[in-house]
Structure formats: structure tokens, C-alpha cells
Amino acid sequence: MAIVSFNSPHNPTKSHYHQHPPPQPLSITTPNSNPTKTPSIRAHLSQLCQEGRPDIARSLFNTIPRPTTVLWNTIIIGFICNGMSHEALCFYARMINSLTPVNPDAYTYSSTLKGCANTQQLKVGKALHCRILRSHSTVSTIVGNSLLNMYSSCLNPLSRFDLVENVFDGLRKRNVVSWNTMVGWYVKRGLFVGALKQFKLMMEMGVRPTVVSFVNVFPAVVAMKDTNNCDVLYGLVVKMGSEYVENLFVVSSAIFMYAELGDIDSARVVFEVARERDIEVWNTMIGGYVQNDCYAEGLDIFLRVLELNDIVPDTVTFLAALTAVSRLQRLDFGQQVHSYLLKNSMIVPVIISNALIAMYSKCNLVDTSFKIFEKMEERDIVSWNTMVSAFVQNECDDEGLMLVYEMQNQGFRIDSVTATALLSAASNLRNYRIGKQTHGYLLRNWIQFEGIESYLIDMYAKSGLISIAKQLFEKNCVNTKDQVTWNAMIAGYAQNGETDQAFTVLRQMLEQNEKPNSVTLASILPACNLSGGVTVGKQIHGFALRHSIHGNVFVGSALIDMYSKCGAIVSGEMVFHMTPEKNSVTYTSIILGYGQHGLGGKALSLFQIMLESAVKPDAVTFVAILSACSYAGMIDQGLQIFELMESEYRIPPTPEHYCCIVDMLGRAGRVIEAYEFIKNLGNEGNVAGIWGSLLGACRIHGELELGKFVAKKLFTLNEGSGMAGYHVLLSNIYADKGMWKSVDGVRKGMRDEGLRKESGCSWIEIGGTVNRFTAKDKKHPQFDMIYAKLENLAMDMKIAGYRPIARCTADGTSELED
DNA sequence: ATGAATATTT
């Protein structure tokens, strides 16, 4: 089996030396042997360099009393070909300052200039340029080309002054290399039209293009998305003959060109035309498929590479394969790639480990990601960022924050990627302090990146500082509002329950001719639930249909949710069946809807259909189906599904699942069983919600003693927001039993602790207007008529023989039930 | 003995 090889940054395999025949045996020379000694010393030095030992060649060189220019050149070239450009430059400095004067020649200049290009030493390059101009009346084409190349790699491509062009204009003789370098330079400067013009000019001058000419001009048409000229250029390649069409450089860059332009079929044709393929051709083809979201096809090609005996997959191959695996969330495949790597290579490069971390994270196995991260001997900023993002994306925001802390301890600085993860964590945790700190850090360090405003708006809105979000939206994004920014603001208002504001922003968005997309609609739809009216939701649905975005999974799921929350479960059902693409959220929405409408049987049969489909249920799906079972009293089925969740689907239960089970048992009167269930959970069951469900059950079934015990337990847990509700529940239990003294006691306790239950509210939509009511409120413009009608109704009910049961609520108002 | 050139993770 082939051993996996990985590229090192300075891969010498492409140096010219390795294209030469294998080294000849040494010829030993003595200092005074004969006049031919110089060429043989030169051959010896050159051979040492070919063997990758230029330092030894230098030591040998140091023993030579009066080295000639040729010998100096040999060492300089030797260093350059071994990726030691810095040493080459030092050696050049030694040469011109030598006590035994030697004159640099064209070889010295071209190789030293290459050294400058490799190390970005503009000053040395300029000094060389001066020296060349001073010492020679004419500049040879090769030296001129070396100057062109040096300037094109050392100069800032965005600078207004174009020294490269000056040198090119000053060249007395140009050849195809000069033209190619110019085309490359234009591309680097972003002057794509210029690059293409230069290429055309070269053709018009009768210069025959080489493969490099094509490789250099392709990126220009890619950048311009110029599919026409792309075809013209490739046509030219075909015309030039098989030496061009089958050249590995041409094949690889043509595949890349077509793939970048979205024409993956043509890329495949180019790939098939190549009779011989090296690993880079294979990599480009895999990468092309990944780039075009054809992950399965990419993996097919990857598998073919593994089967080849003469091609060894490298870092890039595995990187592309892992990207495809991540996008497909094909964990099985990813694990195979992982074990292949472990089996076949000594060390896994950092970049591959990073991709593995990302892959496991995308497959929701963040623990495995962290194991890989922990085991890494070396980590770069991408490793840290990937792991932090992995935590944040898998709902482990606290771990993500801790890791950022640790990362800074180890000398890595927060960058734009870390910041996006931090902002996401802040908005997930609804923690504006972390968000503000991150915002401050970005401002202090002048860190800017694309979409920064949307991240900030999202964070401030979700963490409750909607006014700051609004300020950012209005001040910082005056002219730069894009779809994402608009969406962030709309979602922000919608999530804060500010429905009117959300719709105002949507209207502004439409007025400014910015098109809403699926994200916009999926963000605004939940606001329709809150507003209580189905009319607005229907309008959004109509909008989605008109703009052909109703087929989107997210929009579909949001529509289902909206209809079912507005009581229109039949419409929700229809949307479900008409949504072409269904994911776990789509299924969960409709199951939840069925459950809330008491349609347990329908929920259950749809859940069965889901299990048989390719869509995997997630933790939320189980909450939906369990609560549906609970509402419908389908206890046995519910318990069975709960078993299945852990054993079959490997989803660890959360407090929400436990709540469902307790609720399910409790509603059915199996209160003691529910209590036993919580006891068995141990410390994991010490969550207010779970005990709260049990307290609810105690009330329904009049379990006074257990209720008192459960309430006591709840009050020790003291989890804030819901506590008032639990006090009210306890007082209701007492009230049901007519124990008014105890009721008073609970209410006094609540007053002492400053607890107040938020009053319940109901609403109804009439003629497109939503009317909200809370107990005893007089805000409605027609409240007097409404109360008069209520009294009439109450009278009618009394006459009909109805006896309401009066129960006490915490704020002293009476509540009519049953 | 010298010059131009392709693929990559958050």
C-alpha cells in the first residue's frame, strides 16, 4: 500500500536539478593536478547541490583559493534550487565584497534576482538593477525577464507606479517569457482586461504562446467570469495540439477555470482528455466538484485516486475529500478517511487535523473534534478557531468561550474568525456583555471583515440590546445595507417580539428595492405567530409563492409552524405536503403542530414516516413527538419512543425530554410513577421544569401531600423566572381543596419575595386587526361594550345552569375555568 | 549553469 506523502512548504522536488540524470560518481581532484580542474570542481559542487546539500558544497567552496565567477554562480544557484534563497543572497553579497575581485555575469544576475523574488527583497533587487545598468550597456533578454519577475513579485501590485511596465517597455528584445510575465503581473494587479489585451498583443506580434501563456491568462477570464473568452482560449489550446491539451499544467488550470465558472461538465471533459494525470490534476478535479456543491461526485473521484497504484494522495487530496464529507455530513465516510490517514501516515499535518475537527463538528460529534484537538502536537490559529467554532455550533458556547481564553494564554490573538464565533456565542447565550467586549476588541484592534455589521446587529438584537442593534443598522450601514443586514435587523425585531418594528423594516427593505429572500421570510414568519393573526402570515405565504421561495426548507418549516400556531393546522398540513425538500425541522414543525392540536395519532404516524425516510430525527423532534403523545394520552407509545431515542438514535435526553415524560405520566394520573422517574434521574433531574411538570400533575389529580413536597423542592431550586408560576400552582392546589388559609400563606410568601406572575392574555383577530385582552384590562377602545356583553353572557350561562368554580390567583383576581 | 506556471482547512 502506498505511503501517504505530504508537501512541505519548501518542496524541492520541482527544482531543475531533479530533472537531470542521476548523479555521476565523484572524480577526486588534487589542487595542482591540471588546468581542467575548474570544470570538475564545478561539477562536484553542482552535484552536491543536486543531492540537496548546498551547505557542504559551500564548505568545499570555502577551501578554494581563487574562485571564479562560475564557481560563485554554482553555489548561488545551488542554494536557490534548494529553497535557500536567503543563503543565496548572502553568498552574492560575499561575492561582490570578496577580496579577490570577480565580476558577476548574466548567470549571477538572473539567479540572484530569482532569490530576491523568492524572499521579497525589493531593496537588494533594486541594487542589482542599478549594478546591471552601470556595468553593461545592454541587458540580455533573460536578465531582463529576471528583472521583470523580481519586480512583479516584490512590488505592491496595487501601487500606482508600475515599474514592471517600465522595465518591459525598456527591453530591447522580448520573448514569450517576457510576455507571460507581463500577463501574470496584470492579473496580480487585478487588471484582467489588460492581461487579456497583453495576451492578444503577444499573439498579434507573432509570438507563439507556451503552456505558461495559457496558465497565466486563464485566471483573468475566471475573474471576469468571461465564459466566452474562456471557451476561445481553451479552443486555442486544442488547436495548439496534444502537447498543450495534455500538458498537466494546462489540464489542471483549465479544470480549475471551468469549475470556477460553474461549468463543471466542461471541467470533466478537460479531465477526461488528459491521458496522463498527476496528483494535482486529480486534486483540481475533486476540488472543482466540491466548489460546485457536487460532493458525491468529488468523493467518487477521490475513491478512484485511492485505487490507483501510481498516484499517491497528498494533503490537498484529503483536504478536499474531508470538505466533501463535511458538507454531506457523511460521518461513516469521514471516519474511513480518518482511519486511512492514521494507518498510512506518520504524522497528520495541522491543516488535515483542522479539517478533521471541522468534519466531526459538522457531523455533530464535537467530543471527537475536541479529542483530535487535544492530541495535536502543534496548533495554528485555524486549529483554535475551528475548535471554538465547533463548540459554538454544537451548543457548547461556554466551552467555546473557555477555549478563547486558553487560546489567548497560549499566545494566539483573536482574529475576525474568532470574533464571529464569539459574537455567535454571545447571541446564543443572550449575553450582551461578551458581545460588547468582542465589539470593543474589534474596534480597538481595527479588525474589519465582511458581514461584521450583520453579526453585531444579530448579537445585540438577540441579547436584548435591540436599540444598539437599531443604531448600528441606521448609522453604520447607511449605504452598505445588504440582504444579510436587513435580515439580521428583521430577525432581531421578530425575536424580541417587536412585530410591528419587524414589519416596518421589511416594508423599508421593499421600498429600497432590496429583495427579501428565504432567510427574510423565515425570520418574519415567527412574528406572525405572535401577532396572532393568520392574515399577515397568509400574506407572507403569498409573497413566497409569487417570488418562488416557498419551496425553501426553512420557509416551508416556518410556514407550517405559523399556520399551526395560528390554529390553521390543515393549512400547515398542506404546506408540509407541498414542501419539496423536507428536513428534520420540517417534520418537527408538523409533528409539533399535530401535537398542539391534540392530533396524537397523526403525529405518531408522521413520525413513523419520518423514521422510514432519509431524514434523521433530532433532539427537538423527540420533544415534539413526546409532547404530542403526552397531550393525546398515548403513554405506552411515548415511553417506547423515549427508549428508542437513546438506544437507536444515540440522542442523549435533555431536561425537556424528561419534562415530557413526567408530564405524560402525570396527566394520565400515574403521578407516583412520574415521581419515581424523577428520583431515578438523580441530580440530572434537579431542574425546575421537571419538578414543575410534576407539580402541575399534582394539581390536576389533587395530590396535596406530594404537591407540598414537590413545591418545597422547587422553591429550593429557585430558578428565577418561572418561580411565581409554581407558587400560583401550589396555591391553586390548596384552593381546590378549599384550604384558604394555606392559600393566603402562599400569597403572603409571594408578596414577601416580590414575586408576581405575569398575567395571562388572549387575543383574537377580527378584520385583520388583532385584539389583545388581559384580565381586567380596559385598554381596548370598546371595552365598555365588551364588558357589557360579557355580563350578558355570564347571565345567560347562569340561567342555563352553569356553576363556575372560583379559584384564586396570586394577584387576587378571580379566574374562570372549566 | 541563468528566466515565466496550477490545487488547500475555520
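On a predicted model such as this, the values are computed, not experimentally measured, just so you know.
- Here B:dT9 is the nucleotide among B:dG3, B:dT6, B:dT9 with the atom lying nearest to any side-chain atom of A:Val382.
- Using a 4.0 Å heavy-atom cutoff across all strands shown, A:Asn73 reaches at least one base atom of the nucleic acid.
- Using a 4.0 Å heavy-atom cutoff across all strands shown, A:Thr210 reaches at least one base atom of the nucleic acid.
- What separates CZ of A:Phe249 from C1' of B:dT6 is a distance of 7 Å, to the nearest Å.
- Backbone-only contact: A:Thr181 has heavy atoms under 4.0 Å from sugar-phosphate atoms and none from a base.
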Could you check A:Tyr186 against A:Asp162 for side chain to side chain donor-acceptor pair (under 3.5 Å), going step by step and ending with a plain yes or no? CA-CA 10 Å; A:Tyr186 275 119; A:Asp162 191 347; 5.3 Å; no
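- One atom, OH of A:Tyr109, and another, C1' of B:dG3, lie 16 Å apart when rounded to the nearest Å.
- Remark: A:Lys362 is not in phosphate contact with B:dT10, judged by side-chain N or O atoms under 4.0 Å from OP1 or OP2.
- Listed nucleotides: B:dT9, B:dT10, B:dA1. Nearest to the side chain of A:Tyr107: B:dA1.
- Using a 4.0 Å cut-off on heavy atoms, the residues of residues 250-259 of chain A that approach DNA chain B are A:Ser252, A:Phe256, listed by number.
- Nearest to the side chain of A:Ile77, among B:dT10, B:dG3, B:dT2, sits B:dT2.
- Between B:dG3, B:dT10, B:dA5, one nucleotide has an atom nearer to the side chain of A:Val211 than all others, and that is B:dA5.
- Relative to the side chain of A:Val177, the nucleotides B:dA7, B:dA4, B:dT10 differ in distance, and B:dA4 lies closest.
- A:Tyr244 and A:Phe214 have perpendicular rings, their planes meeting at more than 60° on a 0 to 90° scale where under 30° would count as parallel.
- Ranking B:dT2, B:dT9, B:dA5 by closeness to the A:Thr323 side chain, first place goes to B:dT9.
- A donor and an acceptor atom, one from each side chain of A:Gln329 and A:Tyr295, are nowhere located under 3.5 Å apart.
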Full working for side chain to side chain donor-acceptor pair (under 3.5 Å) between A:Asn180 and A:Ser213: CA-CA 5 Å; A:Asn180 291 346; A:Ser213 314; 2.7 Å; yes
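- One can place CZ of A:Arg42 at 5 Å from P of B:dA1, the figure rounded to the nearest angstrom.
- Closest to the A:Val215 side chain, of the nucleotides B:dG3, B:dT6, B:dA1, is B:dT6.
- Paired with A:Trp179 under the rule ring pair (Phe, Tyr, Trp, His ring centres under 6.0 Å), one option of A:Phe199, A:Trp185, A:Phe168 passes, and it is A:Phe168.
- Spacing between atom CD of A:Glu260 and atom C1' of B:dT8 amounts to 13 Å, rounded to whole angstrom units.
- Of the side-chain N and O atoms in A:Asn149, one or more sit less than 4.0 angstrom from OP1 or OP2 of B:dA4.
- Among the nucleotides B:dT8, B:dA5, B:dA1, the one closest to the side chain of A:Val316 is B:dT8.
- In this structure, CE of A:Met150 is placed 13 Å from P of B:dA4, rounded to the nearest angstrom.
- Remark: A:Arg58 fails to qualify as a cation-pi partner of A:Phe91 under the 6.0 Å distance and 45° angle criteria applied to the six-membered ring.
- Nucleotide B:dT2 holds its P atom 20 Å from the CH2 atom of A:Trp72, rounded to whole Å.
- In this structure, CD1 of A:Ile75 is placed 14 Å from P of B:dA1, rounded to the nearest angstrom.
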Going by atom type alone, with no hydrogens or angles, which donor-acceptor pairs under 3.5 Å involve a side-chain atom of residues 376-383 of chain A and a protein atom two or more places apart or on another chain?
residue	atom	partner	partner atom	Å
A:Arg379	NE	A:Phe373	O	3.0
A:Arg379	NH2	A:Phe373	O	3.1
A:Arg379	NH2	A:Glu374	O	3.2
A:Asp380	OD1	A:Asn354	ND2	3.2
A:Asp380	OD1	A:Val382	N	3.1
A:Asp380	OD1	A:Ser383	N	2.8
A:Asp380	OD1	A:Ser383	OG	2.7
A:Ser383	OG	A:Asn354	OD1	2.8
A:Ser383	OG	A:Asp380	N	3.0
A:Ser383	OG	A:Asp380	O	3.3

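- Distance, A:His338 NE2 to B:dT9 P: 19 Å, rounded to whole Å.
- Between the base of B:dT2 and the side chain of A:Ser110 there is a donor-acceptor pair shorter than 3.5 Å.
- Set against B:dG3, B:dA7, B:dT2, the side chain of A:Glu280 has B:dA7 as its closest nucleotide.
- Within 6.0 Å of CZ on A:Arg94 lie more than 12 heavy atoms contributed by other residues, nucleotides or ligands.
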